[in-house]
K.L.:
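The structure under discussion is supplied below as structure tokens; questions concerning it will follow.
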2 protein chains.
Amino acid sequence: MKSTYDINQFNNPLFTVDSVLFTIKDDRLMVLMVKRANEPFLGRWGLPGGFVDSNIDDNTDMTALRKLKEKTNITPAYLEQLQVNSGHNRDPRAFSVTVIYYALTAHQLVSSYLETIEDVQWIDLHQLNSLPVAFDHKDIIAAARKRLQQKALYSMTPVYCLDELFTIGQLKSVIEIIIGKTIQRKSLIRRIEASNMFETVDKKIKSGGRLAQVYKLKDNVEIAHFERNFSN
Amino acid sequence: MKSTYDINQFNNPLFTVDSVLFTIKDDRLMVLMVKRANEPFLGRWGLPGGFVDSNIDDNTDMTALRKLKEKTNITPAYLEQLQVNSGHNRDPRAFSVTVIYYALTAHQLVSSYLETIEDVQWIDLHQLNSLPVAFDHKDIIAAARKRLQQKALYSMTPVYCLDELFTIGQLKSVIEIIIGKTIQRKSLIRRIEASNMFETVDKKIKSGGRLAQVYKLKDNVEIAHFERNFSN
DNA sequence: AAATAAAATGTCATAAAGACACTATTAAGA
DNA sequence: TCTTAATAGTGTCTTTATGACATTTTATTT
């Protein structure tokens with residue numbers, strides 16, 4: 001049945017899946033980008049992604065994860081649909097549609113793997129303007145960043161930029177980098193307690209002063225959301 | 001160039017665009033549904049939507065609006081991407097992908113047009129369970145409703161369910177129906193003032209007691225968002 | 001004129017975040 | 001060992017948007 005059905009196949013748009021994988025590294029928000037090995041935009045930097053392989057992928061989520069695994073060797077701790085971009089002009093080949101995901105990971109899980117690779121890199125968002133970028137991927141990254149920023153104001157999502165074990169100071173720093181302003185440590189602690197997402201680990205980490213308590217996520221937690229944004 | 005490029009066309013997924021058009025009618029949240037005239041799911045009720053026509057549509061937003069116009073004769077006041085659904089099992093024909101939008105309109109603009117039509121109707125969300133629905137459209141409507149609900153807690157989006165002219169009481173009622181709980185009239189008034197989205201019209205409407213001041217949206221306003229949710 | 005009803009306002013309570021002082025604990029250096 | 005610096009962590013008052021609810025306003029109905 002599947003092989004005989006072909007209505008509208010000819011006019012079907014060019015369909016791809018792309019991901020904006022964020023991390024925090026050296027106190028900077030970074031995005032994973034790939035130097036393109038094919039036309040169009042050969043040699044420019046683009047988001048990791050590609051075509052759905054319907055023999056392998058149950059759905060587009062799987063496509064996004066598969067492509068990310070190919071480039072980074074990991075499955076990101078957080079993945080969510082961002083938006084769909086479509087139009088005649090974004091891909092010179094045809095009317096194209098891209099499902100865009102954004103994802104979060106601890107850079108530690110990826111960085112060592114990337115060291116031996118040239119065409120896959122963490123790109124500092126501040127350096128993005130001076131980089132030759134393919135398609136409309138610069139706009140997409142901006143949109144993903146905006147969404148992440150919003151989410152960081154009212155949810156615990158940014159933890160997924162951190163390693164399994166982390167301190168409150170590290171979480172505070174990650175949130176501040178994402179939202180672009182400082183928050184009160186006290187406010188974060190209140191949210192950590194209210195969220196009930198975390199547990200302490202019998203371990204402390206030195207941080208230039210008093211040792212910091214180490215935390216980790218409880219098993220199978222839901223990301224906590226709050227009724228107010230961090231404000232200013 | 002466009003006509004010669006055909007890599008992966010054969011395995012390209014079946015690609016459609018569907019919309020969840022909400023309105024409030026008789027103090028109920030309603031969705032626009034269409035009785036399917038084609039296989040699969042012929043005769044069952046489904047969301048308005050269809051294939052992209054890349055000769056007409058600049059992008060998938062236009063596809064959504066075009067299909068809604070065909071069914072309702074109007075362009076909804078509010079339209080936003082909800083999500084993408086994809087998989088092997090959701091459409092019996094092939095691996096399929098649907099971009100889903102949700103939209104808001106005043107029912108007055110549509111209802112008279114629908115009166116003469118049998119296969120396009122407003123469906124009360126409470127009646128949805130007892131209706132034969134196509135594809136995964138029941139789940140999609142649930143997801144769209146949830147998103148609208150969330151948005152109503154921290155933004156002025158629900159105004160787009162109302163006619164051009166409306167009262168505070170009407171806006172309060174629409175919000176309450178969407179979020180499923182009552183809110184303080186006073187809180188809404190504070191938000192109306194803070195939002196700066198509205199202006200009074202030199203007109204009052206009877207409502208069983210004191211006449212109600214009529215409001216309308218200012219020209220080209222942005223939807224106001226707030227830092228807190230309505231709570232309880 | 002009185003009763004009723006919803007609109008609109010006034011004002012105090014509540015709750016979560018902001019501000020910031022203060023204490024605790026570690027490393028480094030005199 | 002004592003002092004200093006630095007960050008972790010706590011206590012507590014302030015701020016602010018919303019909740020609660022009483023009061024006033026203005027219309028209709030009887």
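In this text the structure is predicted, and so the values were computed from the model without any measurement. Convention: sequence-line order gives letters A, B, ...; per-chain numbering from 1.
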K.L.:
Below 3.5 Å, does any donor atom in the side chain of B/Arg191 face an acceptor in the base of D/dT18, or the other way round?
P.N.:
no
K.L.:
Could you state the CG-P distance from A/Asn229 to D/dT18, rounded to the nearest angstrom?
P.N.:
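Result: 12 Å.
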K.L.:
Which residues satisfy the side chain to side chain donor-acceptor pair (under 3.5 Å) test with B/Asn73, sequence neighbours excluded?
P.N.:
none
K.L.:
Under 4.0 Å: is that the gap between some side-chain N or O of B/Ser207 and OP1 or OP2 of C/dA6?
P.N.:
no
K.L.:
Check the angle between the aromatic planes of B/Phe22 and B/Tyr102 and answer parallel, tilted or perpendicular using the 30° and 60° thresholds.
P.N.:
perpendicular
K.L.:
Whole angstrom is fine here: how far is it from CD in B/Glu176 over to P in D/dG19?
P.N.:
11 Å
K.L.:
Could you tell me the separation between the CD1 atom of A/Ile183 and the P atom of C/dA16, rounded to a whole number of Å?
P.N.:
17 Å
K.L.:
DNA chain C: B/Gln170 or A/Lys206, which has the more 5' nearest nucleotide?
P.N.:
B/Gln170
K.L.:
List the protein contact pattern of nucleotides 9-14 of chain D with one symbol per nucleotide (5' to 3'): B for base contact, S for sugar-phosphate-only contact, - for none; contact means a heavy-atom distance under 4.0 Å.
P.N.:
BBBB--
K.L.:
Using atom types as modelled and distance alone, determine if a side-chain donor or acceptor of B/Thr167 lies under 3.5 Å from a backbone N or O of B/Gln170.
P.N.:
yes
K.L.:
Please determine if a side-chain N or O atom of B/Gln184 lies less than 4.0 Å away from the OP1 or OP2 oxygen of D/dT18.
P.N.:
no
K.L.:
Could you check whether any side-chain N or O of A/Thr72 sits under 3.5 Å from a backbone N or O of A/Ile74, counting only pairs where one atom can act as donor and the other as acceptor?
P.N.:
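Yes, A/Thr72 side chain to A/Ile74 backbone: donor-acceptor pair under 3.5 Å.
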K.L.:
Think B/Ser187 has a side-chain N or O under 4.0 angstrom from the OP1 or OP2 of D/dG19?
P.N.:
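Checking D/dG19 against B/Ser187, a side-chain N or O does come within under 4.0 Å of OP1 or OP2.
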K.L.:
Once the angle between the rings of A/Tyr215 and A/Phe166 is folded into 0 to 90°, is it parallel (under 30°), tilted (30 to 60°) or perpendicular (over 60°)?
P.N.:
parallel
K.L.:
Side chains of B/Thr60 and A/Ser86: is there a donor and an acceptor less than 3.5 Å apart?
P.N.:
yes
K.L.:
Centre-to-centre under 6.0 Å for B/Phe15 and A/Phe15, is that the case here?
P.N.:
yes
K.L.:
Can you pull out how bent the helix from C/dA1-D/dT30 to C/dA30-D/dT1 is, comparing the axes over its first five and last five pairs, to 10°?
P.N.:
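Angle reported: 10°, given to the nearest ten degrees.
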K.L.:
Distance check, rounded to the nearest 0.5 Å: B/Asn129 atom CG versus B/Lys138 atom NZ?
P.N.:
5.5 Å
K.L.:
Quiz question: going by heavy-atom distance under 3.5 Å, is there a donor-acceptor pair between the base of D/dA17 and the side chain of B/Arg228?
P.N.:
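It does, because a donor-acceptor pair links the side chain of B/Arg228 to the base of D/dA17 below 3.5 Å.
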